[in-house]
Amino acid sequence: ALPICNLTPDALDNDATHKWEVNTHQGSWVRGSTAGGCRNFLETFWSNPQICFHLKEKDDGQNECTLIVALMQKNRRKMKKVGADLQTIGFAIYEGPGKSEQLTKDFFRYKQSKARSKTYINMKEIGRA
């Protein structure tokens with residue numbers, strides 16, 4: 001699951017029309033299909049699950065918007081009972097071309113991420129603000 005929280009500058013104001021905006025995306029990594037590995041593996045990295053979102057409201061007095069991202073492995077405790085360990089997870093955030101379509105290998109070959117998890121690690125959950 002990839003919960004995405006968007007905190008607007010007036011999120012703590014009770015009279016505000018905009019509060020936290022939370023989006024949750026369910027997905028999975030399947031070996032040979034959607035498990036592309038980290039950015040070091042350009043040939044397969046692009047096949048990882050991709051989620052497109054738009055940040056529309058800027059923080060007060062800023063040119064940017066606050067974004068909090070968390071990536072979580074679900075149901076791993078159940079799988080531990082049958083000998084499965086946590087998978088190595090991580091994420092990268094890119095500024096896309098504005099279309100909601102699968103980004104290609106060439107996109108990742110020529111673009112740098114705008115943000116990413118500190119490392120790819122075998123933990124239940126990782127995040128970044």
Side-chain angles (χ1 to χ4, degrees):
L2 179 64
I4 300 175
C5 304
N6 175 16
L7 177 62
T8 62
D10 50 3
L12 300 177
D13 182 358
N14 286 337
D15 297 327
T17 56
H18 301 328
K19 301 271 185 198
W20 279 93
E21 183 179 322
V22 179
N23 295 300
T24 302
H25 300 272
Q26 304 291 331
S28 62
W29 285 270
V30 178
R31 184 173 298 211
S33 174
T34 60
C38 71
R39 178 67 179 77
N40 295 343
F41 302 99
L42 183 61
E43 293 298 315
T44 56
F45 180 73
W46 68 274
S47 67
N48 281 312
Q50 299 177 16
I51 299 163
C52 180
F53 58 92
H54 300 277
L55 302 177
K56 297 177 182 173
E57 291 188 34
K58 296 177 182 177
D59 294 350
D60 282 341
Q62 302 292 318
N63 288 328
E64 297 176 341
C65 177
T66 301
L67 174 72
I68 301 171
V69 177
L71 178 63
M72 177 187 295
Q73 298 187 60
K74 293 177 65 178
N75 303 317
R76 296 308 295 183
R77 286 189 194 135
K78 292 178 188 175
M79 296 179 77
K80 189 173 185 177
K81 293 177 183 175
V82 295
D85 290 326
L86 291 171
Q87 299 294 317
T88 300
I89 60 173
F91 61 85
I93 299 173
Y94 291 83
E95 185 174 346
K99 302 177 209 168
S100 295
E101 59 187 39
Q102 181 83 8
L103 300 174
T104 65
K105 179 174 35 176
D106 282 340
F107 174 87
F108 296 106
R109 182 184 319 273
Y110 301 112
K111 301 287 184 181
Q112 287 189 318
S113 63
K114 296 290 183 177
R116 62 182 179 268
S117 55
K118 290 182 180 179
T119 186
Y120 280 67
I121 190 167
N122 59 338
M123 293 184 68
K124 180 172 175 62
E125 181 177 9
I126 59 173
R128 174 99 193 248

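- For CD of E95, the number of neighbouring non-hydrogen atoms (other residues, nucleotides, ligands) closer than 6.0 Å is 12 at most.
- Counting only heavy atoms from C-beta outward, the side chains of W46 and T104 never approach each other to under 4.5 Å.
- Grouped by direct or indirect side-chain proximity (heavy atoms under 4.5 Å, Ile/Leu/Val/Met/Phe/Trp/Tyr only), F41 sits alone.
- The shortest non-hydrogen separation linking S28 to P49 is O-CG, 3.7 Å.
- Taking F108 as the reference, F45, Y94 meet the ring-ring contact (aromatic ring centres under 6.0 Å, His included) condition, with sequence neighbours excluded.
- Under the 4.5 Å side-chain contact rule for hydrophobic residues, F107 and I51 do not share a cluster.
- Residues P97 and L103 are in side-chain contact: their nearest non-hydrogen atoms beyond the backbone lie under 4.5 Å apart.
- Both W29 and M123 are members of a single hydrophobic cluster when ILVMFWY side chains are connected at heavy-atom separations under 4.5 Å.
- For K111, the NZ atom counts as loosely surrounded, since its 6.0 Å shell holds 12 or fewer non-hydrogen atoms of other residues, nucleotides or ligands.
- The environment of R39 atom CZ is dense: over 12 non-hydrogen atoms of other residues, nucleotides or ligands sit within 6.0 angstrom.
- Between H54 atom NE2 and C65 atom SG the span is 13.0 Å, to the nearest 0.5 Å.
- At least one donor-acceptor pair under 3.5 Å links the side chain of N48 to the backbone N or O of G36.
- At least one side-chain heavy atom of F91 sits under 4.5 Å from a side-chain heavy atom of V69.
- Cluster membership for I126 and L67, using ILVMFWY side-chain heavy atoms within less than 4.5 angstrom, is shared.
- Judged by distance alone, with hydrogens and angles left aside, the side-chain atoms of Q73 form a donor-acceptor pair with the main-chain N or O of Q87 at under 3.5 Å.
- Shown here are the salt bridge (Lys or Arg N to Asp or Glu O under 4.0 Å) partners of D106, two or more places apart in sequence or in another chain: R109.
- A distance of 3.5 Å separates CD in Q102 from CD in Q50, rounded to the nearest 0.5 Å.
- Taking NZ of K105 as the start and OG of S47 as the end, the distance is 10.0 Å to the nearest 0.5 Å.
- Closest of all the heavy-atom pairs between E125 and A70 is OE2-CB, 3.3 Å.
- Rounded to the nearest 0.5 angstrom, K124 NZ and M72 CE are separated by 5.5 Å.
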